[in-house]
Colleague: 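Let me give you the structure first, and then I'll get to my questions.
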Amino acid sequence: MAVAKVSEFKPGLEEWVGDVSIASLDQVSLEFQLSRKYISVAATAKLLEAVQIGDCELELGEGISYTNMLLGMQGETVNGFRGEVGVGIKMEKDNCMFNVRGAAELALTNKVCGIGASGELEANVSWWVLALQTQAKGQGFIGVYEQHNGVWAFGLHGQTSDPGDKGIHLVWASENPELSSKTLS
């Protein structure tokens, strides 16, 4: 789905960027499965067909694959609702990749109920003598979740991608009202 061509918006500008759509939704998908009571909606928003500015994914139903490395969950099967909205700028061209993105996630499921946030910065530029490469990522979570031992806990977690960062992990388990585990760095 696309909105207006550059030539319609600003005549003459198409000589510089081509006669592309000003804004578009790419990778739009709608999936539903009656057999497992599941529905999913996803889309990516772009400017000038080259710069990604946002994305959204919503899932509701049974058998949702949930991953949150802060909670030690990878591909966990959950039932309920999971939604993620991301904003930022992502552009990939020859010898230039730039990505700045922030995302918020809401999970209301049978194994985790909480809010997560993540952010990332990636740049890789190789122009003649100029070479730049950098990367930084971080994520956080606050909410309640079922631990692998079956005990429910309230947790506040945060960590960056720095290998030396142990992060912040505060967990109160339902069977122990006192602070049951703590890691601060």
Side-chain angles (χ1 to χ4, degrees), residues 1-10 13-127 132-141 143 145 159-161:
M1 298 182 349
V3 177
K5 294 284 190 180
V6 169
S7 60
E8 298 167 6
F9 177 72
K10 182 73 173 162
L13 186 59
E14 72 272 9
E15 293 177 23
W16 295 90
V17 297
D19 199 15
V20 296
S21 300
I22 292 173
S24 62
L25 287 178
D26 285 356
Q27 303 168 348
V28 176
S29 68
L30 170 64
E31 175 186 355
F32 61 93
Q33 298 176 4
L34 295 176
S35 61
R36 68 173 186 153
K37 300 175 188 134
Y38 173 82
I39 187 166
S40 169
V41 178
T44 300
K46 286 188 172 183
L47 284 178
L48 303 175
E49 297 180 14
V51 180
Q52 181 177 322
I53 58 170
D55 57 89
C56 176
E57 181 179 13
L58 306 172
E59 296 179 280
L60 176 66
E62 299 175 354
I64 297 170
S65 179
Y66 182 78
T67 296
N68 187 322
M69 299 310 284
L70 291 172
L71 306 179
M73 295 180 172
Q74 185 168 355
E76 252 340 280
T77 301
V78 298
N79 302 326
F81 171 80
R82 187 194 76 79
E84 182 176 323
V85 176
V87 294
I89 297 172
K90 182 176 184 178
M91 183 176 73
E92 293 185 51
K93 293 291 183 188
D94 293 338
N95 302 327
C96 179
M97 189 281 294
F98 183 75
N99 180 24
V100 176
R101 180 179 185 267
E105 178 185 63
L106 174 64
L108 301 171
T109 73
N110 62 327
K111 293 186 180 181
V112 59
C113 293
I115 297 172
S118 63
E120 61 185 292
L121 163 68
E122 293 179 87
N124 190 351
V125 178
S126 303
W127 293 331
L132 168 72
Q133 185 173 8
T134 187
Q135 179 179 349
K137 295 182 181 183
Q139 57 185 355
F141 175 84
Y145 58 96
Q159 191 162 0
T160 67
S161 61

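Predicted model only: the values in this text are computed from it and were never measured. No hydrogens, no waters, no symmetry mates; every other heavy atom, side chains included, goes into these values.
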Colleague: Write down the atom of Ala123, the atom of Phe98, and the distance for their closest heavy-atom approach.
Modeller: CB-CD1, 4.1 Å
Colleague: Dump the intermediate steps for side-chain contact (heavy atoms from CB on, under 4.5 Å) on Thr77 and Lys111, then the final yes or no.
Modeller: CA-CA 9 Å; Thr77 301; Lys111 293 186 180 181; 5.5 Å; no
Colleague: Please report the closest heavy-atom contact between Leu70 and Phe141, naming both atoms and the distance.
Modeller: CD1-N, 4.1 Å
Colleague: How long is the span from the CD atom in Gln133 to the OG atom in Ser126, to the nearest 0.5 Å?
Modeller: 7.5 Å
Colleague: Could you go step by step and tell me if Gln33 and Glu31 meet the side-chain hydrogen bond (donor to acceptor under 3.5 Å, both in side chains) rule?
Modeller: CA-CA 7 Å; Gln33 298 176 4; Glu31 175 186 355; 2.9 Å; yes
Colleague: Determine the minimum heavy-atom distance between Leu47 and Ala23, stating which atoms define it.
Modeller: CD2-CB, 4.3 Å
Colleague: Give the intermediate values and the outcome of side-chain contact (heavy atoms from CB on, under 4.5 Å) for residues Tyr66 and Met73.
Modeller: CA-CA 7 Å; Tyr66 182 78; Met73 295 180 172; 3.7 Å; yes
Colleague: Would Arg82 and Glu57 pass as an ion pair if we require N to O under 4.0 Å?
Modeller: yes
Colleague: In Å and rounded to the nearest 0.5 Å, what is the CD to OG distance from Glu59 to Ser40?
Modeller: 5.0 Å
Colleague: State whether the side chain of Ser161 and the backbone N or O of Lys137 hold a donor-acceptor pair below 3.5 Å, judged by distance alone.
Modeller: yes
Colleague: Hey, what do you get for CG (Asn110) to CD (Glu76), rounding to the nearest 0.5 Å?
Modeller: 9.5 Å
Colleague: Are Cys56 and Glu84 close enough that some pair of their side-chain heavy atoms sits under 4.5 Å apart?
Modeller: no
Colleague: Check for a donor-acceptor pair, side chain of Thr109 on one end and backbone N or O of Val112 on the other, with a separation under 3.5 Å.
Modeller: yes
Colleague: Quick one: are Glu122 and Lys90 in side-chain contact, heavy atoms under 4.5 Å?
Modeller: no
Colleague: Answer yes if the side chains of Thr44 and Gln52 hold a donor-acceptor pair under 3.5 Å, and no otherwise.
Modeller: no
Colleague: Report the C-alpha distance between Met91 and Met97 in whole Å, list the side-chain angles of each, state the deciding distance to 0.1 Å, and finish with yes or no for side-chain contact (heavy atoms from CB on, under 4.5 Å).
Modeller: CA-CA 6 Å; Met91 183 176 73; Met97 189 281 294; over 6 Å; no
Colleague: CD1 of Ile115: more than 12 outside heavy atoms within 6.0 angstrom?
Modeller: no
Colleague: Between Val28 and Ala43, which heavy-atom pair has the shortest distance, and what is it?
Modeller: CG2-CB, 4.0 Å
Colleague: To the nearest 0.5 angstrom, please state how far the CG atom of Leu30 sits from the CD1 atom of Ile39.
Modeller: 5.5 Å
Colleague: If you compare all heavy atoms of Asn99 against all heavy atoms of Glu120, which two are closest, and at what distance to 0.1 Å?
Modeller: ND2-OE1, 3.2 Å
Colleague: Got a donor-acceptor contact below 3.5 angstrom from the Asn79 side chain to the Gly63 backbone?
Modeller: yes
Colleague: Working note: Phe81 + Leu106, criterion side-chain contact (heavy atoms from CB on, under 4.5 Å); need CA distance, chi angles, decisive distance, verdict.
Modeller: CA-CA 8 Å; Phe81 171 80; Leu106 174 64; 4.2 Å; yes
Colleague: Tell me whether Ile89 at atom CD1 has more than 12 heavy atoms from other residues, nucleotides or ligands lying less than 6.0 Å away.
Modeller: no
Colleague: Using every non-hydrogen atom in the two residues, find where Trp127 and Asp94 come nearest and quote the distance to one decimal.
Modeller: NE1-O, 4.3 Å
